[in-house]
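Let me begin by presenting the structure, written as structure tokens, before commenting on it.
Side chains included, hydrogens not; waters and symmetry mates left out as well; all remaining heavy atoms used. Computed from a predicted structure; not experimentally measured.
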2 protein chains.
Amino acid sequence: MIKLLIGKGLEADMKKETFSISEFAKSTGVSVRTLHYYDEKNILKPKRDEHTGHRVYEQEDMIQLHKIMTMKFLGMSLDEIKAYMQANTFDLSFIDTLRLQESKLIKDREQIDIALDAIQRTVYLLENEKEVDHAVLISLLASMQNEKKQEELAKGIIKDDVMKKMFPQTAKEKMIFEQGLLTFYKRVRKHFGKSADDPEVQQMLDDFYRLILEVVGMDSLKELTDIFSLNIEDKENEERIEAYIQEIERLVPSPITEEEEAWLGQITTDYMGPLWDEEEGEN
Amino acid sequence: MIKLLIGKGLEADMKKETFSISEFAKSTGVSVRTLHYYDEKNILKPKRDEHTGHRVYEQEDMIQLHKIMTMKFLGMSLDEIKAYMQANTFDLSFIDTLRLQESKLIKDREQIDIALDAIQRTVYLLENEKEVDHAVLISLLASMQNEKKQEELAKGIIKDDVMKKMFPQTAKEKMIFEQGLLTFYKRVRKHFGKSADDPEVQQMLDDFYRLILEVVGMDSLKELTDIFSLNIEDKENEERIEAYIQEIERLVPSPITEEEEAWLGQITTDYMGPLWDEEEGEN
DNA sequence: CATATCACCTCACGTTACGTCAGGCGCAAG
DNA sequence: CTTGCGCCTGACGTAACGTGAGGTGATATG
């Protein structure tokens, strides 16, 4: 910007007109190899010294190289750049190219944002836990990786108002939930095989139940269990739910073994079942 | 998330334990070639059918693949992933890896943001101008590309309060300024060679002067000209300014030829010079 | 004058994470 | 018997250079 205010033309110090490749490289900041490469690929072909065969760069090449660097900065490939290097003005088609670049970059940025979020949440968990099982962490990360996809899938089978309560919304909620899940899985590993009478097992289930309630809320939980309870009255709906579960399983691997899952299902019905039946009875 | 609430272990439908490569590919969403590649690189080596030599994937491989996909999603290379695939728990060193990834991603995102901003401003300019000279646009883009670097360089030689006024701050200011520069350069091209007496030339300079004032402000402009006017009293300072100009020239190529620059300098002194002298005389 | 160094040249392979053929095998159906 | 399917291995292509290896003309030094 400033430069424009100066009018350095006054000095008129006609600088050295030509550069050797290393001088040119230094003054432009690109590597010698890159200049070789651009020459080889017919993107920037400087004159040659007839006798020595050395490349001789001039001011004009400087301008060309600036073009190249600029278009690279916009995210274009050298092939695209080569195509645009011919013409001397940018016209409307260049706008389209820019627009295309724009949407590409926006997509990239979204991916990066998701990954960053996942990383930050993971770092937080690791800092508190010191050591975490592979499977559990992978499961969580996979879950973060496609939170959006999961929500969209869920939209197909769950009503909007329930949806809003179903997924942890704030960053804090998410962290609490994930933290809770981690400790829960640890305890699953630890107590696996014990009976539903065991107090530690009961404590584990209580804590887990409370965690879910904390995030989801009682009424939403009711609705959820209604949806997923196998009251098979609606064939079509059941198929949709089945497909949904399949897809989620593909996206998010289970952090525990099938045996552990089975055991968990067993003790849950053993322990919680009576409670739920009681509540049902109240209606 | 939901899946955890279901306890599908109840169904206990021990699914098919093994997959052919194409089944495995379909159910995980990765390509067959990728699976071949991971095998070849010892990242995921499934069992083989003794007789046919076909790869036989199991549930365990599904878990492994999920690990791989997750770590890839975090931006790690397959080499890094291979290293982490050995251990079965993530420990503190993994936090470091994540932190490193994090800063890498943040850098990437910053680059993207800068490029996006430049693209959007360029699209705006192109939409209004329909056709723009290569050199001018490149110059503008190069300028956008390292706005931050330019500001930092300027900090070395210009006082903070002037700084704040020197660079266009808001998006709107930037757009006005860039738009004005574009038309200014067009007119430079058009009128190149004419004398300072020419009314069109004078109009051009007036408009340009007004544009600068609009963005920079009168008092700051005074200070700027003071800094850059060749009142050589301070050797050291002069060298700093010289180095600054050099660096800016390296970063931002001039959008006009040296002849045009020289002409511009000439008519500026011819036309503006007297005016400035008058003002000086007032002090 | 011989030689060491320098800057340059070309040629060519390595990198990442696969995509894309090409040629060949065993197995089932028509 | 042939056709086709699904699988196998091997090998080359991709983007944008990085990194040597080996050779040449010009200059600096002993």
Per-nucleotide protein contact string for nucleotides 9-25 of chain C, where B marks a base within reach and S marks sugar-phosphate only (heavy atoms under 4.0 Å, - for neither): SB-B----BBBB-----

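Donor-acceptor pairing under 3.5 Å is recorded for the side chains of A/Y84 and A/T97. A donor and an acceptor atom, one from each side chain of A/S254 and A/E249, are nowhere located under 3.5 Å apart. Counting only N and O atoms by type, the side chains of A/Q120 and B/E102 include a donor and acceptor under 3.5 Å apart.
The CE atom of A/M71 sits 13 Å away from the P atom of D/dA16 (whole-angstrom rounding). Spacing between atom CG of B/D49 and atom P of D/dG6 amounts to 17 Å, rounded to whole angstrom units. In this structure, CD of A/E40 is placed 12 Å from C1' of D/dA15, rounded to the nearest angstrom. As rounded to whole Å, 13 Å separates atom C1' of D/dC5 from atom NZ of B/K26.
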Evaluation steps, salt bridge (charged side-chain N to carboxylate O under 4.0 Å, His left out), between B/E40 and B/R33: CA-CA 10 Å; B/E40 183 187 330; B/R33 170 59 180 144; 3.8 Å; yes

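Contact annotation: B/S20 does not reach the phosphate of D/dG6 (side-chain N/O to OP1 or OP2, under 4.0 Å).
Of all non-hydrogen atoms in B/R189 and B/I256, the two that sit nearest each other are NH2-CA, 4.2 Å.
A centroid separation of less than 6.0 Å is found between the aromatic rings of B/F24 and B/Y57.
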